Q: 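Encoded as structure tokens, here's the structure I'll be asking about.
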2 protein chains.
Amino acid sequence: MTPAARRIVAAAEELFYHRGITAVGVDLIAEHSGVTKRTLYNQFGSKDQVVAAYLAGRDRRWRALVRATIDSCGDSLEAVTAPLVALQDWSAASTRGCAFLNALAELPDPAHPAHRVAADQKLWLRALFEELAGLAGCSDPATLAVRLLVLHEGVLATRLLGIDTLAESTALARSLVRAQT
Amino acid sequence: MTPAARRIVAAAEELFYHRGITAVGVDLIAEHSGVTKRTLYNQFGSKDQVVAAYLAGRDRRWRALVRATIDSCGDSLEAVTAPLVALQDWSAASTRGCAFLNALAELPDPAHPAHRVAADQKLWLRALFEELAGLAGCSDPATLAVRLLVLHEGVLATRLLGIDTLAESTALARSLVRAQT
DNA sequence: TCAGAGCTATACTGATCGGTAAAGTTGACG
DNA sequence: CGTCAACTTTACCGATCAGTATAGCTCTGA
């Protein structure tokens, strides 16, 4: 990625997340990144590709944070709920919920490149939950993974509503893990 | 509501839910409802008001369904998870998730009339869970209500991802209720 | 030295956006 | 009969949409 491309994605992230994807035009992105619209199209080809790059970058950072949180856990039982703990650091001040869910809500077309990024991230999370549950010796990793995923998405959805359910959900998640050991 | 207004809201619901609110213009709504744009503005004054009417109508129908589901429950313990059961009938075929969450995702401005409608619906649901839990004799209705709300929103969020978690979440919800009695 | 990549600047396209103007039609009710 | 509200028709407004055209600048690397 060229310096200009990086600035474009950074500006797009700021604007898309806080104002919505459809509501933000390419002119605004170009202006906020101090770049010409020509450069934006030379680098990305279309607005849709900028959207995909925005989500892909966010996904990369999120996964890194989750992995770091897992690594910082003492035992494997605690690690199962690490993604919930990571959510505490992840945009704690933000009241705009999950960027990926929001993108899916805004872009109904399944062919949009953003769909793959968003769906992949959630499937990855479910698989991760299942893997962690297996390592911790849980009796039914697949079922537990679905339950933890629902809690995770529920926290993000209620955050969009201005209701903070993270602490409560994390506590519930821990008890679900404990019940399977 | 005049006949034309009803047709406008019906067309708006169909279009907004499946294509997104920002992506649908007033011209398209007028065309699909067989009504002039002038009539639309005479009836609603602005696109934002059409959005609010769309969500308000959906909310009314959703609450009616939930109440009916509660009434059809045999005992008060079963009634606590009635909103989850209602979700089974509610747009089961739809893969576009929750209209209210989607609206909040698309419209960041808290001053938008849609925000009140969406937030009210979720706060109503939480209060309903709490009331039902109280009637069923649960030990901690407030905590249980938050947990059930998270599960509810989690089901809707994962539905947007194409993952069906309703059965699993309903089972979990029932066990949470049982644990409090 | 010179070619090419990265980038800027300005201007433009046709389409669509939310919203309005002005004037006319229809049917129900007093 | 007359009136009023609901609704229609056509045309328009300035702004913004995603995307393109053309031309020129600057730095790097062979």
Side-chain angles (χ1 to χ4, degrees), chain A residues 1-55 57 102-103 105-109 111-115 117, chain B residues 1-57 102-103 105-115 117:
Chain A
M1 272 227 277
T2 67
R6 263 188 294 273
R7 262 159 46 214
I8 290 168
V9 174
E13 171 154 13
E14 186 68 21
L15 291 166
F16 283 155
Y17 183 69
H18 289 106
R19 305 194 197 180
I21 294 173
T22 315
V24 169
V26 287
D27 297 82
L28 191 62
I29 297 171
E31 187 191 326
H32 273 244
S33 49
V35 147
T36 313
K37 209 159 50 147
R38 196 82 205 87
T39 302
L40 188 152
Y41 275 94
N42 281 341
Q43 292 293 329
F44 295 96
S46 72
K47 181 187 175 180
D48 285 356
Q49 291 304 319
V50 177
V51 174
Y54 145 59
L55 291 176
N102 293 356
E106 273 201 79
L107 311 167
D109 180 13
H112 194 290
H115 261 70
V117 182
Chain B
M1 273 226 276
T2 67
R6 262 188 295 272
R7 262 157 50 214
I8 290 168
V9 174
E13 172 155 13
E14 186 68 21
L15 291 167
F16 283 154
Y17 183 70
H18 290 104
R19 305 194 197 180
I21 295 173
T22 316
V24 170
V26 286
D27 297 82
L28 191 62
I29 297 172
E31 187 191 327
H32 273 243
S33 50
V35 146
T36 314
K37 208 158 56 146
R38 194 80 207 97
T39 301
L40 189 151
Y41 276 94
N42 281 340
Q43 291 294 330
F44 296 97
S46 72
K47 180 187 177 182
D48 285 355
Q49 291 304 317
V50 176
V51 174
Y54 145 59
L55 291 175
N102 293 357
E106 274 202 77
L107 311 167
D109 180 13
H112 194 289
H115 261 71
V117 181

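For clarity, every value in this text was computed on a predicted model and none was experimentally measured. Protein chains get the first letters and strands the later ones, always in sequence-line order, with residue 1 at the start of each.
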Q: Measure from the side-chain N and O atoms of T36(A) to the backbone N and O of T39(A), and report whether any donor-acceptor pair falls under 3.5 Å.
A: no
Q: Rounding to a whole Å, what distance do you find between N42(A):CG and dA21(D):C1'?
A: 12 Å
Q: Let me know the distance between CZ of R38(B) and P of dT9(D), rounded to the nearest Å.
A: 14 Å
Q: Side chain of K47(A): nearest nucleotide among dA18(D), dC7(C), dG19(C)?
A: dA18(D)
Q: I'd like to know if the side chain of H18(B) and the backbone of E14(B) have a donor-acceptor N/O pair within less than 3.5 Å.
A: yes
Q: Begin with the C-alpha distance, continue with both residues' side-chain angles, and end with the deciding distance and a verdict on side-chain contact (heavy atoms from CB on, under 4.5 Å) for V26(A) and Y41(A).
A: CA-CA 9 Å; V26(A) 287; Y41(A) 275 94; 3.8 Å; yes
Q: Of the listed nucleotides (dG19(D), dC17(C), dT8(D)), which one gets closest to any side-chain atom of D27(B)?
A: dC17(C)
Q: What is the distance, to the nearest angstrom, from the CD atom on Q43(A) to the C1' atom on dG19(D)?
A: 16 Å
Q: Mind checking the CZ-CD spacing from R6(B) to Q43(B)? Nearest 0.5 Å is all I need.
A: 10.0 Å
Q: Between dA5(D) and T2(B), is there an OP1 or OP2 to side-chain N/O distance shorter than 4.0 Å?
A: no
Q: Using atom CZ of F44(B) as one end and atom C1' of dG18(C) as the other, report the distance to the nearest whole Å.
A: 16 Å
Q: Answer yes or no: is there a donor N or O on one side and an acceptor on the other, between the side chain of E106(A) and the main chain of I21(A), under 3.5 Å?
A: yes
Q: OP1 or OP2 of dT8(D) less than 4.0 angstrom from a side-chain nitrogen or oxygen of T39(B), does that happen here?
A: yes
Q: 5'-most contact on DNA chain C: K37(A) or V24(B), nearest heavy atom basis?
A: K37(A)
Q: Output the single nucleotide from dT10(D), dT10(C), dC7(C) whose closest atom is nearest the side chain of T36(B).
A: dT10(D)
Q: Can you measure L28(A) atom CG to dC17(D) atom C1' for me and round it to whole angstrom units?
A: 12 Å
Q: Just the rounded figure in Å: distance from P of dA6(D) to CG of L40(B).
A: 15 Å
Q: Could you give the CZ-to-P distance, from R6(A) to dG6(C), as a whole number of Å?
A: 12 Å
Q: For Q49(A) and dG19(D), what is the distance between atoms CD and P respectively, to the nearest whole Å?
A: 10 Å
Q: At 4.0 Å (heavy atoms only), tell me whether G34(B) reaches a base, stays on the sugar-phosphate, or touches nothing.
A: sugar-phosphate
